[in-house]
Protein chains: 2
Amino acid sequence: MISHAEENYLKAIFKISEKEAKAASTNAIAAELQTTAASVTDMLKRLAEKNLIAYEKYRGVELSGEGNRLATALIRKHRLWEVFLVEKLGFAWDEVHDLAEQLEHVQGDDLVDRLDNFLGHPKFDPHGDPIPDAQGRWAFRPQSLLATLKPGDRGVVTGVDDHSAAFLQYLDQLGLTLGAQLELIERIPYDQSLRIRTQDGREITLSEKVGHNLFVKI
Amino acid sequence: MISHAEENYLKAIFKISEKEAKAASTNAIAAELQTTAASVTDMLKRLAEKNLIAYEKYRGVELSGEGNRLATALIRKHRLWEVFLVEKLGFAWDEVHDLAEQLEHVQGDDLVDRLDNFLGHPKFDPHGDPIPDAQGRWAFRPQSLLATLKPGDRGVVTGVDDHSAAFLQYLDQLGLTLGAQLELIERIPYDQSLRIRTQDGREITLSEKVGHNLFVKI
DNA sequence: AATAATTTTTAGACTTGCCTAAAAATATTT
DNA sequence: AAATATTTTTAGGCAAGTCTAAAAATTATT
């Protein structure tokens with residue numbers, strides 16, 4: 001049996017490995033989970049003992065096959081619950097993270113698969129993140145950071161890199177939710193600000209930071 | 001903040017107090033939660049400390065107003081999730097208890113009320129148990145144990161006292177699910193067995209035990 | 001009312017998961 | 001390469017929640 005705490009560590013390690021493409025460090029895990037390096041070291045020993053990670057002192061960790069399988073299942077659960085909360089219960093996309101964080105730990109034989117079925121097998125969650133299927137396969141969808149578009153390029157908002165409520169609410173306010181169309185007018189050389197036209201013809205200026213946190217499909 | 005373990009104790013005390021109409025004993029709580037009397041004593045001290053129960057050594061416990069409020073909210077959550085699992089995800093009534101036991105601990109501002117709304121404000125769960133509303137008010141529905149009917153009485157199955165999977169599956173097999181109509185033909189004096197006629201005209205014999213665990217509305 | 005049986009509590013220990021402070025190892029600078 | 005800075009681990013401790021075994025209190029029996 002695996003505890004909630006252990007599950008959270010696996011997910012954190014998965015998340016870090018995904019970005020960094022190298023072994024996850026103790027400090028990175030501590031930062032991700034808002035805990036201390038000492039606590040992380042404690043837990044890494046336990047996870048290594050259970051063969052869920054490959055751990056070498058001072059060298060960081062990587063998930064084992066089983067650890068990867070568990071982390072993927074957890075992300076699947078998290079994202080399916082997010083879809084449920086938004087699509088069925090009417091929560092906003094910036095309100096669902098903490099709830100899904102709890103719901104993903106609910107254990108039950110075919111709960112996830114029934115939920116998946118009930119929701120119509122969604123491939124992406126309310127933030128545009130892919131939902132792995134029951135076999136752990138990830139959907140792929142070509143997308144680019146808004147910051148990489150060239151003036152004149154048109155795109156559709158497909159996801160976010162920053163999942164903070166502050167960013168999501170700002171996007172709501174701008175009308176830049178998933179599916180919104182936009183066109184890059186120009187990039188200001190001085191500070192890399194981006195002038196875009198929205199689908200209803202408004203022209204708005206976005207900071208470089210926004211450009212690096214918004215995914216669009218060209 | 002209240003822990004999952006504390007919540008489970010409150011629910012157990014509520015359940016026992018409901019039946020016994022007197023202070024819940026340490027042993028009764030231990031039996032309900034499948035733990036030891038020593039563990040219960042430990043926890044009772046903590047709950048008393050938090051003013052969730054009135055606890056006097058060797059004298060059993062009763063819920064405080066706040067304890068009662070929390071236990072009621074918990075039962076509300078549990079039963080709403082059971083409705084969700086059966087109505088929306090298609091689980092059988094004997095499969096949902098353990099899942100709801102986990103889901104009831106999920107904390108979130110208006111999650112329960114949104115769920116309640118999504119489900120159409122059900123008044124009873126899949127086992128016929130009442131679901132308290134957001135203000136903690138209980139629906140009442142007159143019902144009697146099948147064992148108390150007189151020959152010739154007709155009734156509709158409205159609930160069960162025994163929630164075990166074995167009993168629920170047996171009822172499924174007999175076709176005696178919620179809403180099923182039946183008529184008591186006779187009570188066998190020898191062993192209090194009950195001969196009933198089902199709505200499709202079958203005559204079946206039920207043990208005294210079944211008679212004491214099935215609720216019907218006459 | 002005294003003894004026996006039962007229930008409840010206390011005492012002490014264990015695991016999980018977390019912490020701080022100090023030590024050890026690794027990485028970076030000069 | 002030596003000194004410094006950073007990262008990671010160890011050591012020791014704490015709280016929650018559980019356990020067993022023993023002591024204390026209550027209840028039942030004779």
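First the proteins, then the strands, lettered A, B, ... as listed; each starts at 1.
- At the phosphate of C/dT26, neither OP1 nor OP2 sits under 4.0 Å from any side-chain N or O atom of A/K57.
- A straight line from CD of B/E7 to C1' of D/dA16 spans 15 Å, rounded to a whole angstrom.
- The separation between A/Y55 atom OH and D/dT7 atom P is 16 Å, rounded to whole Å.
- By the 4.5 Å heavy-atom criterion applied to side chains, A/F215 and A/L146 are not counted as neighbours.
- Atom OH of A/Y58 is separated from atom P of C/dA25 by 6 Å (rounded to the nearest Å).
- Between the CD1 atom of B/I16 and the P atom of C/dT7 there is a distance of 14 Å, rounded to whole Å.
- Using a cutoff of 4.0 Å between basic side-chain nitrogens and carboxylate oxygens, B/R46 and B/E6 are not scored as salt-bridged.
- Atom CG in A/N27 sits roughly 18 Å away from atom P in D/dA5 (whole-Å rounding).
- Note on A/K19 versus A/D161: salt bridge recorded, some NZ/NE/NH1/NH2 to OD/OE distance being below 4.0 Å.
- The aromatic ring centres of A/H127 and A/H97 sit 6.0 Å or more apart.
- The distance between atom CD of B/E6 and atom C1' of D/dT18, rounded to the nearest whole Å, is 14 Å.
- For CD of A/E56, the number of neighbouring non-hydrogen atoms (other residues, nucleotides, ligands) closer than 6.0 Å is 12 at most.
- For the contact set between residues 34-47 of chain B and DNA chain D, defined by any heavy atom under 4.0 Å, the members are B/T35, B/T36, B/A38, B/S39, B/D42, B/M43, B/R46.
- Not one side-chain nitrogen or oxygen of A/S25 sits closer than 4.0 Å to the OP1 or OP2 atom of D/dT7.
- Atoms CD1 (B/I29) and C1' (D/dT18) sit 16 Å apart, rounded to a whole Å.
- Separating the CZ atom of B/R59 from the C1' atom of C/dT8 is a distance of 11 Å, rounded to the nearest angstrom.
- For B/R76 and B/D113, the salt-bridge test passes: some basic side-chain N is under 4.0 Å from an acidic carboxylate O.
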